[in-house]
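Report on one structure; see the data block that follows.
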Amino acid sequence: MTNTVGILGFQGCIEPHQRMLSAIGAESCLVKSPEDLSRISRLIIPGGESTTMLRFIKRYEMLEPLRRFARTSPVWGICAGAILSAREVHNPEQDSLGIMDIAAHRNFYGSQLDSFTTQLTINGLTQPMESQFIRAPLLSPLAATAGRPEPTVESSLPGQPVFISQGNLWASSFHVELGSSSALHERFLAL
Ligand code: GLN
């Protein structure tokens with residue numbers, strides 16, 4: 001059984017994940033086709049532009065293979081990746097994988113110029129985590145679809161969930177791969 005971490009490789013913030021994973025001794029590879037999913041044990045859907053990634057996912061017929069993969073394997077959607085994982089996407093509405101029972105309101109935290117970095121307290125981590133919000137969505141938990149566990153908020157800004165888990169699936173509205181701590185990547189490897 002492979003232990004390689006896949007990174008959806010069509011577009012977006014890919015290279016910082018490769019660097020961070022290699023720094024902690026984890027193998028990674030880019031995922032661009034349904035066949036690539038058979039070579040990995042877990043998947044990061046990186047930040048970037050969800051509309052563009054969705055176009056590639058559809059063109060390479062990956063909607064169903066990704067949904068199937070997420071039923072049993074860990075998937076971490078970051079920012080645009082969280083939008084793609086969400087069951088409901090607003091502002092504007094957009095298709096998605098719908099693998100997590102969350103709603104994503106796109107660009108809630110403003111434009112590129114409103115980007116900010118903050119230190120977040122995250123369940124299970126002893127140190128606050130440097131976190132970047134870049135045209136980030138607002139994430140909200142929804143009632144679980146039958147057969148799935150309830151979504152759990154793992155970190156919040158005042159009144160706003162920013163990191164939600166649901167079983168083997170994670171969605172964070174922020175990036176951590178641009179900072180110096182690999183603590184969240186290490187936790188993802190342990191899922
Ligand atoms: N605003 C982007 C989108 O809607 C996400 C931005 C990001 O991933 N940093 O897809």
Side-chain angles (χ1 to χ4, degrees), residues 5-21 28 30-32 42-60 62-63 66-67 69-70 74-120 122 129-142 151 153-157 160-166 169-185 187-188:
V5 183
I7 305 168
L8 194 69
F10 294 126
Q11 186 270 339
C13 196
I14 294 168
E15 208 233 313
H17 286 292
Q18 295 174 308
R19 238 182 296 129
M20 196 158 260
L21 288 165
S28 71
L30 297 187
V31 169
K32 293 184 178 186
R42 60 198 70 234
L43 177 71
I44 291 174
I45 307 180
E49 189 50 52
S50 57
T51 312
T52 308
M53 277 190 246
L54 185 65
R55 221 174 283 144
F56 280 107
I57 289 172
K58 286 181 174 172
R59 183 180 308 163
Y60 293 98
M62 291 191 71
L63 271 175
L66 284 167
R67 286 177 181 142
F69 181 84
V75 178
W76 179 9
I78 296 164
C79 203
I83 295 167
L84 288 169
S85 297
R87 203 179 83 204
E88 285 181 12
V89 179
H90 306 288
N91 190 43
E93 288 191 8
Q94 177 170 286
D95 283 351
S96 61
L97 296 166
I99 55 178
M100 289 186 73
D101 292 308
I102 59 173
H105 184 101
R106 293 177 67 197
N107 299 313
F108 178 83
Y109 294 93
S111 72
Q112 195 78 23
L113 289 176
D114 302 308
S115 299
F116 63 96
T117 299
T118 188
Q119 301 286 329
L120 286 177
I122 297 178
M129 190 79 204
E130 185 184 318
S131 308
Q132 274 89 23
F133 287 76
I134 307 165
R135 295 187 303 120
L138 176 67
L139 302 180
S140 344
L142 300 172
V153 175
E154 306 281 358
S155 180
S156 302
L157 289 172
Q160 298 161 359
V162 293
F163 180 26
I164 298 176
S165 71
Q166 188 173 21
L169 307 176
W170 284 6
S172 62
S173 53
F174 53 89
H175 296 245
V176 291
E177 71 283 2
L178 302 166
S180 54
S181 168
S182 54
L184 212 49
H185 284 75
R187 239 190 103 198
F188 182 62

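As the structure is a computational prediction, the values presented were derived from the model and not from experiment. Sequential numbering from 1 along the given sequence is applied to the chain's residues. Atoms within each ligand, like the ligands themselves, are counted from 1 in listed order.
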For P137 and Y109, the nearest pair of non-hydrogen atoms, with its separation, is O-CE1, 3.3 Å
Sorted by chain and residue number, the residues having a heavy atom closer than 4.0 Å to an atom of ligand 1 are G47, G48, E49, S50, C79, A80, I83, R106, N107, I134, R135, H175
Sorted by chain and residue number, the side chain to side chain contact (heavy atoms under 4.5 Å, CB included) partners of E93 (sequence neighbours excluded) come out as H90
* Kindly assign one of parallel, tilted or perpendicular to the pair F116 and F133, based on the angle between their ring planes and the thresholds 30° and 60°. => parallel
| request: Just do the side chain to side chain donor-acceptor pair (under 3.5 Å) check on E154 and S165 with the steps written out, would you? | output: CA-CA 7 Å; E154 306 281 358; S165 71; 2.6 Å; yes
By side chain to side chain contact (heavy atoms under 4.5 Å, CB included), T51 pairs with (sequence neighbours left out) E49, R55, Q94, R106
Can you give me every donor-acceptor pair (side chain of residues 77-86, partner residue at least two apart or in another chain, under 3.5 Å) with its distance?
| from | atom 1 | to | atom 2 | distance (Å) |
| --- | --- | --- | --- | --- |
| S85 | OG | G81 | O | 3.0 |

